Number of protein chains: 2
Amino acid sequence: MHKKKPNVDRVFHALGDPTRRAIVEKLSEGPISVSRLAEPLDITLAAVVQHLQVLEESGLVQTEKTGRVRTCRIEPAGLSLAEQWIGDRRSRWERRLDRLGDLLAEPDESK
Amino acid sequence: MHKKKPNVDRVFHALGDPTRRAIVEKLSEGPISVSRLAEPLDITLAAVVQHLQVLEESGLVQTEKTGRVRTCRIEPAGLSLAEQWIGDRRSRWERRLDRLGDLLAEPDESK
DNA sequence: ACAATTGTCAAGTGAATACTTAAGTAACGA
DNA sequence: TCGTTACTTAAGTATTCACTTGACAATTGT
């Protein structure tokens with residue numbers, strides 16, 4: 001089992017590939033097996049498995065094998081991590097803009 | 001000038017590289033020139049310029065040349081796009097979990 | 001027992017990627 | 001005007017990456 005702690009570097013690297021994003025997209029609808037994941041994907045099963053390894057290493061996806069079928073599900077903490085990284089940078093930028101705006105609007109606040 | 005419309009594919013590809021994320025990180029503190037961006041980065045100026053091209057193509061960064069210095073700034077719409085993509089998938093997953101929870105909590109809602 | 005399903009593993013290939021070096025251009029500053 | 005600064009561009013290189021093929025293992029249905 002061994003749940004991987006999500007890591008910013010790996011998460012963004014994983015999301016950088018369009019096929020892996022398609023996998024995440026599909027998984028957001030619910031858990032699904034490897035072969036059903038592969039069906040719409042125009043690549044071999046082996047390639048899909050490789051993508052899943054990357055996704056699991058990154059902590060974006062968790063999988064569990066029961067019998068001969070491996071079921072894959074999203075690990076939302078991985079997505080949150082990336083979302084937060086982006087949000088942090090964006091809001092830092094926007095707060096900066098606000099401060100600039102304030103300075104321009106009221107150049108003298110000495111009272 | 002020609003502001004590039006941000007595009008999900010390019011944005012995620014751009015954010016997939018750690019050096020480019022470091023650049024975005026730095027830019028979130030405010031606009032800065034190419035050479036000052038490069039200073040802490042342990043790679044050549046030429047490499048930084050190449051990363052900036054990718055970032056600009058993706059719509060994450062905007063640059064403007066005045067005299068001999070090119071000033072770079074974040075384009076927050078690019079970050080928002082990625083943030084939204086992630087948020088959409090995460091919330092779809094979470095809504096699904098909620099529905100499942102409801103079903104388990106109240107198996108008979110026929111009234 | 002046997003065949004089909006579902007996935008795993010290893011090796012190889014071609015393309016993309018990040019990086020360097022080197023040579024050049026344009027603007028600024030004394 | 002002449003040197004320095006701040007990029008820019010092109011070409012080459014080494015590595016990483018996505019993908020395929022093919023051989024294999026385990027599980028399940030008949």
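Lettering follows sequence order; numbering is per chain, from 1. As the structure is a computational prediction, the values presented were derived from the model and not from experiment.
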Any side-chain donor near an acceptor of the partner, B:E56 and B:T63, under 3.5 Å: yes

Gap between atoms CG and C1', on B:D17 and C:dC19 respectively (whole Å): 11 Å

Atom-pair distance (CG on B:L15; C1' on C:dT17), nearest Å: 16 Å

Minimum-distance nucleotide to A:H51 side chain [options: D:dT9, D:dC19, D:dA18]: D:dC19

D:dC7 phosphate, OP1 or OP2, under 4.0 Å from B:T63 side-chain N/O: no

ILVMFWY network linking B:L27 to B:V69, side-chain heavy atoms under 4.5 angstrom: no

Between C1' of C:dT20 and CG of B:L41, the distance in whole Å: 16 Å

N/O (side chain, B:T19) to phosphate O (OP1/OP2, C:dC19) under 4.0 Å: yes

Test item: A:R21 side-chain N/O and A:L15 main-chain N/O as donor-acceptor pair under 3.5 Å: yes

Distance-only donor-acceptor test, B:Q50 side-chain atoms vs D:dT8 base atoms, 3.5 Å: no

Atom-pair distance (CG on B:L45; P on C:dA23), nearest Å: 17 Å

Residue-phosphate contact under 4.0 Å: B:K65 side-chain N/O, D:dT8 OP1/OP2: yes

d(CD1, A:I23; C1', D:dC19) in whole Å: 13 Å

Any A:R70 side-chain N or O less than 4.0 Å from OP1/OP2 of C:dT8: yes

Phosphate-side-chain proximity, B:T44 and C:dC19, N/O vs OP1/OP2 below 4.0 Å: no

Short side-chain N/O contact to D:dA18 OP1/OP2 from A:R20, under 4.0 Å: yes

Charged N-O contact under 4.0 Å between B:E29 and A:R96: no

Comparing A:V54 and A:T66 on DNA chain D - which has the more 5′ nearest nucleotide: A:V54

Length of the CD1-P vector between B:I43 and D:dT15, whole Å: 18 Å

For atom CG of A:L52 and atom P of C:dC9, their distance in whole Å: 13 Å

Options D:dG22, D:dT8, D:dC19, nucleotide nearest the side-chain atoms of A:A46: D:dG22

Distance in angstrom units between B:E64 CD and D:dC7 C1', rounded: 16 Å

Donor-acceptor contact below 3.5 Å, side chain B:R89 vs main chain B:W85: yes

Worked verdict on B:T19 versus B:H51 for side chain to side chain contact (heavy atoms under 4.5 Å, CB included): CA-CA 8 Å; B:T19 303; B:H51 282 305; 3.8 Å; yes

Distance below 4.0 Å between A:S33 side-chain N/O and C:dT6 OP1 or OP2: no

Distance test, side-chain N/O of A:R68 to OP1/OP2 of C:dA4, below 4.0 Å: no

B:H13 vs C:dT17: side-chain N/O to OP1/OP2 distance below 4.0 Å: yes

Distance test, side-chain N/O of B:S35 to OP1/OP2 of D:dC7, below 4.0 Å: yes

Candidate nucleotides C:dT20, D:dT20, C:dT5, ranked by approach to the side chain of A:A47 - the nearest: D:dT20

